[in-house]
Amino acid sequence: MRRSYISLPIIVVLSTIFLLYYLMMFFVIDEWLGLKTSQGLFNAVALTVFVCMSLSTYAMAIVRDPGHVPPSFMPDVEDPDSPLHEIKRKGGDLRYCQKCSHYKPPRAHHCRICRRCVLRMDHHCVWINNCVGHANYKIFLVFVLYGVIACIHCTILLVGSVLNNVHTDPSGGSYKFVYIISGVLLFPLTAALTVLLGWHVYLLLSNKTTIEYHEGVRAMWLAEKVGNSYRHPYDLGAYENLVSVLGTNVLTWLCPTSSHTGSGLRFRTSFDSTHSSSPRGHV
């Protein structure tokens, strides 16, 4: 199913990025440090690099397919390399999508907006007009990281420029309106992206998706209710969890050009580590 890569939220994001970049470059940096000074030039180049990285990773998150289920996919319950098979909450049957007419691989979910099943689906993000799934989760994470870095840099520049302006011109001068606009856009954006990054770092370290986190809360409550304990089956330990998403080469973890790992149809679990003989499980 073809989809449009341009939507109103995307236009809002791009407009905000370009506006903040323009204000930071030609009002904040130029007015405070001067673009011809070494400090001003350094900050201008650094900001340009951060913004370019943010824009490139943002574009990749928009256009990259999050991962689709092959029509020929069929779970093999007798496969010894797959000790865990996710089942329906009711009935205990293997998970099957009635809308897509195929079985769901582990961690896959149907997106009502994209109208298809997405591998290792985390959530549907309106700001990229795309699902965040197995094939674009890393690039989404890297985009948020560079966005936070760019926002923090802009915040430091803005605060420094305001403090400098207070000493030289207490009235704020002609740049008072620029400071207000920049602050109104920048401070909520920085806070939102920082919280989002912190949330996904937590999910990454525990090898969970947003959907699995909420399902895990319910599973933990049900397990405690009957006196059992619950552990997320895909949690392999912090380092292995990082490797499973970011790749085996630490030097490319923050590199947007490196690809995702695995097919998205099968994932290592804690059952693999303990050589469990149980043929079925439920997340």
Side-chain angles (χ1 to χ4, degrees), residues 17 42-43 45-67 81-84 105-108 118-123 125 127-128 130-156 190 192-213 216 231-275 283:
I17 292 174
F42 173 81
N43 279 279
V45 171
L47 180 60
T48 301
V49 170
F50 294 148
V51 170
C52 287
M53 290 301 295
S54 298
L55 286 173
S56 61
T57 52
Y58 182 60
M60 293 171 69
I62 292 172
V63 302
R64 183 166 294 180
D65 192 316
D81 294 328
S82 298
L84 180 70
R107 316 182 81 176
V118 176
L119 298 177
R120 195 187 181 276
M121 179 177 173
D122 187 271
H123 70 287
C125 180
W127 300 108
I128 64 173
N130 195 10
C131 273
V132 177
H134 174 68
N136 68 346
Y137 182 76
K138 176 184 174 179
I139 198 65
F140 173 80
L141 189 67
V142 173
F143 156 66
V144 176
L145 174 62
Y146 283 118
V148 169
I149 295 174
C151 284
I152 291 176
H153 187 199
C154 288
T155 300
I156 294 173
T190 303
L193 285 179
T194 302
V195 170
L196 182 63
L197 178 63
W199 169 247
H200 280 283
V201 168
Y202 161 74
L203 293 178
L204 180 62
L205 291 174
S206 54
N207 203 357
K208 296 178 183 178
T209 65
T210 299
I211 295 175
E212 288 170 351
Y213 169 81
R231 178 187 176 187
H232 183 56
Y234 300 105
D235 187 357
L236 306 174
Y239 177 75
E240 290 296 331
N241 293 340
L242 290 170
V243 168
S244 68
V245 174
L246 302 179
T248 55
N249 189 346
V250 178
L251 298 178
T252 64
W253 277 7
L254 301 183
C255 179
T257 58
S258 61
S259 61
H260 57 279
T261 57
S263 64
L265 300 176
R266 178 183 297 177
F267 297 91
R268 287 181 57 199
T269 70
S270 57
F271 290 88
D272 299 327
S273 302
T274 57
H275 302 285
V283 178

Exercise for the section: Calculate, to the nearest 0.5 Å, the distance between atoms CZ and OG belonging to Arg268 and Ser244 respectively. Expected result: 8.5 Å
Practice task
Specify the closest pair of heavy atoms between Pro105 and Gly264, including all atoms of both residues, with the distance to one decimal.
Solution key: CB-O, 4.4 Å
Handout entry: Distance in Å, Asp65 CG paired with His134 NE2, rounded so as to fall on 0.5 Å steps
Key = 11.0 Å
Fill in the blank from the handout: Val132 and Cys125 have their tightest heavy-atom pair at CG2-CB, 4.1 Å
Handout entry: By side chain to side chain donor-acceptor pair (under 3.5 Å) - contacts of Thr48 (at least two apart)
Key = Tyr21
Practice task
Please confirm whether the backbone N or O of Arg64 pairs with a side-chain atom of Asn130, one donor and one acceptor, at under 3.5 Å?
Solution key: yes
Problem - Heavy-atom check, side chain of Tyr213 versus side chain of Trp199, under 4.5 Å - result: yes
Exercise for the section: Work out which heavy atom in Arg120 is nearest to a heavy atom in Asn207; give both atom names and the distance. Expected result: NH2-OD1, 3.5 Å
Practice task
Could you tell me whether the side chain of His200 reaches within less than 4.5 Å of the side chain of Tyr137, counting heavy atoms only?
Solution key: yes
Practice task
Identify the heavy atoms of Val118 and Gly133 that sit nearest to each other, and give their distance.
Solution key: CG1-CA, 4.0 Å
Practice task
Taking all heavy atoms of His153 and all of Leu47, pick out the closest pair and write down the distance.
Solution key: CE1-N, 3.7 Å
Practice task
Could you tell me the separation between the CD1 atom of Ile211 and the CE atom of Met121, rounded to the nearest 0.5 Å?
Solution key: 4.5 Å
Problem - Donor-acceptor under 3.5 Å (Thr252 side chain, Cys255 main chain) - result: no
Exercise for the section: Indicate yes or no: at least one non-hydrogen side-chain atom of Lys138 is less than 4.5 angstrom from one of Leu246. Expected result: yes
Practice task
Scan for salt bridge (Lys or Arg N to Asp or Glu O under 4.0 Å) pairs involving residues 193-202, sequence neighbours excluded, and state none if there are none.
Solution key: none
Problem - Min side-chain heavy-atom separation Pro106-Tyr234 under 4.5 Å - result: yes
Exercise for the section: Output the distance between atom CH2 (Trp253) and atom CG (Leu141), rounded to the nearest 0.5 Å. Expected result: 11.5 Å
Problem - Test item: Tyr146 side-chain N/O and Leu254 main-chain N/O as donor-acceptor pair under 3.5 Å - result: yes
Practice task
Examine distances only and state if a side-chain atom of His232 and a backbone atom of Gly216 form a donor-acceptor pair shorter than 3.5 Å.
Solution key: no
Problem - Minimal non-hydrogen separation, Asp235 against Asn241, with atom names - result: OD1-ND2, 2.8 Å
Handout entry: Within-4.5 Å side-chain heavy-atom neighbours: Val144 and Leu197
Key = yes
Handout entry: Approximate separation, where rounding is to 0.5 Å, of Leu203 CG and Thr210 OG1
Key = 5.0 Å
Handout entry: Heavy-atom side-chain contact between Val148 and Leu193 under 4.5 Å
Key = yes
Handout entry: Close side-chain approach of Trp127 and Leu196, heavy atoms under 4.5 Å
Key = no
Practice task
Kindly compute the distance separating CG (Leu145) from OG (Ser54), expressed to the nearest 0.5 Å.
Solution key: 9.0 Å
Exercise for the section: Could you tell me whether a side-chain N or O of Asn136 sits under 3.5 Å from a main-chain N or O of Met60, the two making a donor and an acceptor? Expected result: no
Practice task
Decide yes or no for Leu242 and Leu204: does some side-chain heavy atom of the first lie under 4.5 Å from some side-chain heavy atom of the second?
Solution key: yes
